[in-house]
Number of protein chains: 2
Amino acid sequence: MQPLGSKADLVSVESIEQELTLLVRRAQKVHLRGGPTEQVVERAAYGILAWLHDTGPLRPSALAAHFHLDASTISRQVASLEQAGLITREADTEDRRAFRLRLTERGRDVLTTTRAERRGVVRKLLQSWSPEDLANFASLLAAFNAGLDKHLASDPNSTERSQR
Amino acid sequence: MQPLGSKADLVSVESIEQELTLLVRRAQKVHLRGGPTEQVVERAAYGILAWLHDTGPLRPSALAAHFHLDASTISRQVASLEQAGLITREADTEDRRAFRLRLTERGRDVLTTTRAERRGVVRKLLQSWSPEDLANFASLLAAFNAGLDKHLASDPNSTERSQR
DNA sequence: CGGTTATGGTTGGTACATGCAACCGCTTGG
DNA sequence: CCAAGCGGTTGCATGTACCAACCATAACCG
């Protein structure tokens, strides 16, 4: 509809940057807990539980790579999840330095509950959207994340300081 | 195309929840700094600078409301921005308890630089997108933020603990 | 008025998230 | 077998955030 690099594109990029900034800032506080009487599941922990659940037993290093976080950060969060009885570490048969993390029964339960609540919030937020918009948003968001992933992977610090 | 509440909707909601979680987690680290030799502009500070710039002098309380953050959080960030010489406080003629925040010359410069860099990153991330997708993403993101804003405003804690 | 309550902001205390540097122990390659 | 490297942990520093307690001014009310 419009030539590449048109003014409308610029406006879109500006708007996207703006909205992302706001979203990320605000979303800090949308971290759910286990349930009514339940256990605390921290914001950071939820991501780990979900990823472990969806992709099977993983090493801490694999988690760090997925989230683009420092190994030390993962290490502490893993320790606390283990403490809480939501995950266990099992020996890695191929390397005795490492181990693999697996959800416990309880971890699965907590994840299920928490995930249901979070999805409930999202559903409520999106209740008035058309199916087309929903599907579109889902796929654009996924595409954006994929791009971000690549960006962070290739160029870990360009976003910290643009140049030296 | 599909009946309301269809399976496809559920899948979209699930996917959106997932992608948002990942995005927010990863985006933590995409906070830019002032420039080559420049001053640190923290992630949080950037949002404040940008909002002050775009909507004129504001009270701290207005910032807190916009970001849905505690007044104390804003207070400290404002103090540090003032310290850095990026904003000034001017008396509020209507209420001597309050004051209004305004960007300084330097604040405007730093914002301009930082914003340009951030937009550059976003542009790079989105360089292969079609104009349609860009425009779509921008408007869906804005709509989502608007919904989130309403949600947080009406029901400040439902996302902290779903019920009692 | 004069006292009580409400509102705008700040400060102290605390918790969580995160990165970097230093370290420990196993693995791997001369 | 020793040196270099990798996986993970721990100490330390920072940034972001909330709540509770506080101060000062404003608004209300009898």
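In what follows, every chain begins at residue 1, and chains take the letters A, B, ... in the order their sequences are listed.
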Distances under 3.5 Å between nitrogen or oxygen atoms of protein and nucleotides 11-15 of chain C:
residue: dG12(C); atom: N7; partner: Arg76(B); partner atom: NH2; Å: 3.3
residue: dG12(C); atom: O6; partner: Arg76(B); partner atom: NH2; Å: 2.3
residue: dG13(C); atom: O6; partner: Arg76(B); partner atom: NH2; Å: 3.2

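- Between the CZ atom of Arg43(B) and the P atom of dG19(C) there is a distance of 10 Å, given to the nearest Å.
- Listed by chain and number, the residues in a side chain to side chain donor-acceptor pair (under 3.5 Å) with Glu17(B) are Tyr46(A), Arg118(A), Thr21(B) (sequence neighbours excluded).
- When the C1' atom of dA17(C) is taken as reference, atom NE2 of His68(A) falls 17 Å away, rounded to whole Å.
- In this structure, the side chain to side chain donor-acceptor pair (under 3.5 Å) partners of His68(A), at least two apart in sequence or on a different chain, are Asp149(A).
- Spacing between atom CZ of Arg100(A) and atom P of dG8(D) amounts to 12 Å, rounded to whole angstrom units.
- Within residues 53-61 of chain B, the residues having any heavy atom under 4.0 Å from DNA chain C are, by residue number, Arg59(B), Pro60(B), Ser61(B).
- Pairs of residues two or more places apart, or lying in two chains, never qualify as salt bridge (charged side-chain N to carboxylate O under 4.0 Å, His left out) while including a residue from residues 138-147 of chain A.
- Following rounding to the nearest Å, Leu81(A) (CG) and dA17(C) (C1') show an atom-to-atom distance of 13 Å.
- Ser61(A) meets the side chain to side chain contact (heavy atoms under 4.5 Å, CB included) test with Arg59(A); sequence neighbours excluded.
- Among residues at least two apart or in separate chains, there is no salt bridge (charged side-chain N to carboxylate O under 4.0 Å, His left out) pair with a member in residues 65-79 of chain A.
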Please write out the pairs of protein N or O atoms and N or O atoms of nucleotides 26-30 of chain C separated by less than 3.5 Å, giving the distance to one decimal.
residue: dT27(C); atom: OP1; partner: Arg96(A); partner atom: N; Å: 3.0
residue: dT27(C); atom: OP2; partner: Arg96(A); partner atom: NH2; Å: 3.2

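- In terms of the side chain to side chain contact (heavy atoms under 4.5 Å, CB included) criterion, residue partners of Asn136(B) (sequence neighbours excluded) are, by chain and number, Asn136(A), Leu140(A), Leu140(B).
- Partners of Arg89(B) according to the side chain to side chain contact (heavy atoms under 4.5 Å, CB included) rule, which considers only residues two or more places apart in sequence or in another chain, are Val78(B), Glu82(B), Phe99(B), Leu101(B).
- For Ala44(B), the side chain to side chain contact (heavy atoms under 4.5 Å, CB included) partners are Arg25(A), Gln77(B), not counting sequence neighbours.
- Rounded to whole Å, atom P of dT10(D) lies 14 Å from atom CD of Gln77(A).
- Atom-to-atom, CG of Asp92(A) to C1' of dG25(C) comes out at 15 Å; the value is rounded to the nearest Å.
- Evaluation of the side chain to side chain donor-acceptor pair (under 3.5 Å) rule for Ser80(A) yields no partner, not counting sequence neighbours.
- Here dG8(D) presents its P atom at 15 Å from CG of Leu69(A), a figure rounded to the nearest Å.
- The two residues Leu81(B) and Ala45(B) make their nearest non-hydrogen contact at CD2-CB, 3.7 Å.
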